[in-house]
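A, B, ... follow the sequence lines: proteins, then strands. Residue 1 opens every chain.
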Number of protein chains: 2
Amino acid sequence: MTTLNRPGAPDGHACGIDTAMEVIGGKWKVLILWALHEHPYRRFGELRRLLPGVTEKVLASHLREMEADGIVHRVSYDEVPPRVEYSLTEDGKRLNDALQPLAAWGRERPTARRLAERAG
Amino acid sequence: MTTLNRPGAPDGHACGIDTAMEVIGGKWKVLILWALHEHPYRRFGELRRLLPGVTEKVLASHLREMEADGIVHRVSYDEVPPRVEYSLTEDGKRLNDALQPLAAWGRERPTARRLAERAG
DNA sequence: CTGCATGCTCACCCCAGGGTAACCACCCAC
DNA sequence: GTGGGTGGTTACCCTGGGGTGAGCATGCAG
């Protein structure tokens, strides 16, 4: 069971966060989202270069899932060499917007304790 | 490397989302956050009952990490039987607030494609 | 003495998600 | 014919996060 198995949340709330968490649950998904937000209409290789450390396999599978989730749009041009362009859908843009407060929280937070712990 | 290994994000943005994602990265953390938001000052056992499916081990370790991250506050009363109360810190409350747009996105989203796919 | 209730810890196992690397089909430049 | 660049796929391996179940310290009710 990879989903959060809650037909009704703790006390009846639909909550919705778990839905969102599933969609952005991959290791690189928020970064892909962010990259596509900053650089609309990128090709596979460009995205790969924008995300140092990601492997082709993982990038491909993440993009595929995000496409299935309707947050990225994929356009394949029938050329040689092949060209594919990825962009955010409207829903993806809204997701990105919804992530901004979280990003702000992350940036503002008062010197997280566990970061020190990890560094040490 | 469990962190997202980005001294500077894709193109120089600090981004901050990855920080937040680390903090809420556990399977049950957002639900704990939510539960503590709806029911402030809950005991371990109560929390457990609020999150059907979570095991003691995982709940304990998640609470521990969240405490280390400064988003939950733990108060242990020297009684018998032991009593421990968990609550959100100010930072935790802010995190919860920051999650609301995400929750809204999750609730509003137009019939996610992969949900159907999973059901089928 | 037994059981129950609390809030954990410990030892163990399992599997999915992610990493590694090779390969494919296509065409062009050399 | 060899190499490069495109956007992938396939096979395999490996780690760690989470699940399972037991145990522990304590005191009270029965």
Side-chain angles (χ1 to χ4, degrees), chain A residues 1-6 18 21-32 35-36 39 41-69 72-87 114 117-118, chain B residues 1-6 18 21-32 35-36 39 41-69 72-87 114 117-118:
Chain A
M1 192 177 311
T2 173
T3 84
L4 288 176
N5 82 328
R6 293 166 323 92
D18 47 356
M21 289 303 286
E22 275 182 43
V23 172
I24 60 175
K27 184 170 175 184
W28 300 89
K29 290 196 181 169
V30 293
L31 298 179
I32 294 173
L36 279 179
H39 314 269
Y41 296 95
R42 288 287 144 171
R43 314 178 50 169
F44 187 87
E46 292 175 321
L47 275 175
R48 195 155 77 85
R49 266 168 256 128
L50 283 174
L51 305 172
V54 73
T55 65
E56 286 137 352
K57 173 199 156 189
V58 170
L59 181 55
S61 68
H62 278 190
L63 284 170
R64 229 152 267 279
E65 290 180 11
M66 294 168 83
E67 194 193 354
D69 279 328
V72 302
H73 185 49
R74 189 190 122 113
V75 181
S76 169
Y77 297 90
D78 227 4
E79 302 173 1
V80 155
R83 185 160 64 100
V84 180
E85 274 185 358
Y86 294 94
S87 54
R114 271 168 72 205
E117 174 186 309
R118 276 188 204 107
Chain B
M1 192 178 308
T2 173
T3 84
L4 289 176
N5 83 328
R6 295 166 322 93
D18 47 354
M21 289 302 287
E22 277 182 40
V23 171
I24 59 175
K27 182 170 175 184
W28 299 89
K29 289 197 182 169
V30 292
L31 297 180
I32 294 173
L36 279 178
H39 314 270
Y41 295 96
R42 287 286 144 171
R43 314 179 51 171
F44 187 86
E46 291 175 321
L47 233 33
R48 194 154 78 86
R49 265 168 257 130
L50 283 174
L51 305 172
V54 73
T55 65
E56 285 136 351
K57 174 200 156 190
V58 170
L59 180 55
S61 69
H62 278 190
L63 284 170
R64 228 151 266 280
E65 290 180 11
M66 294 169 84
E67 194 193 354
D69 280 328
V72 303
H73 187 217
R74 188 188 123 114
V75 181
S76 169
Y77 298 90
D78 228 4
E79 302 174 0
V80 154
R83 184 160 65 100
V84 180
E85 274 185 359
Y86 294 92
S87 53
R114 270 168 73 206
E117 175 184 310
R118 275 187 203 108

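- When all heavy atoms of B:His62 and B:Ile32 are compared, the closest pair comes out as CB-CD1, 3.7 Å.
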Base contacts versus sugar-phosphate-only contacts with protein, heavy atoms under 4.0 Å: please encode nucleotides 3-13 of chain D as B, S and - from 5' to 3'. --BBSSS-B--
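- Across A:Val72 and A:Glu67, no two heavy atoms sit closer than the pair CG2-N, 3.4 Å.
- One atom, OH of B:Tyr77, and another, C1' of C:dC8, lie 18 Å apart when rounded to the nearest Å.
- When rounded to the nearest whole Å, the span between CG of A:Leu59 and P of C:dG17 equals 17 Å.
- The shortest distance between the side-chain N/O atoms of A:His62 and the OP1/OP2 oxygens of C:dG18 is below 4.0 Å.
- B:Glu85 pairs by the side-chain contact (heavy atoms from CB on, under 4.5 Å) definition with B:Tyr41, B:Arg43, B:Tyr77, B:Arg83, not counting sequence neighbours.
- In this structure, B:Leu51 places its CG atom 16 Å from C1' of D:dG19, rounding to the nearest Å.
- Remark: A:Val84 engages A:Arg74, A:Ser76, A:Tyr86 in a side-chain contact (heavy atoms from CB on, under 4.5 Å) (not counting sequence neighbours).
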Hey, mind stepping through A:Leu59 and A:Trp28 against side-chain contact (heavy atoms from CB on, under 4.5 Å) and telling me if it holds? CA-CA 8 Å; A:Leu59 181 55; A:Trp28 300 89; over 6 Å; no
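- Following rounding to the nearest Å, B:Arg42 (CZ) and C:dG7 (C1') show an atom-to-atom distance of 17 Å.
- Rounded to 10 degrees, the angle separating the terminal axes of the helix from C:dC1-D:dG30 to C:dC30-D:dG1 is 30°, with each axis obtained from five end pairs.
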Run the side-chain donor-acceptor check on residues 51-58 of chain B: report pairs under 3.5 Å with partners two or more places apart or on a different chain.
residue	atom	partner	partner atom	Å
B:Thr55	OG1	B:Val58	N	3.4

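- When every heavy atom of B:Ala35 is checked against every heavy atom of B:Leu47, the shortest pair comes out as CB-CD1, 4.4 Å.
- Between B:Leu47 atom CG and C:dT6 atom C1' the separation is 14 Å, expressed in whole Å.
- The minimum heavy-atom distance linking A:Lys29 with A:Met66 is given by the pair O-CE, 3.7 Å.
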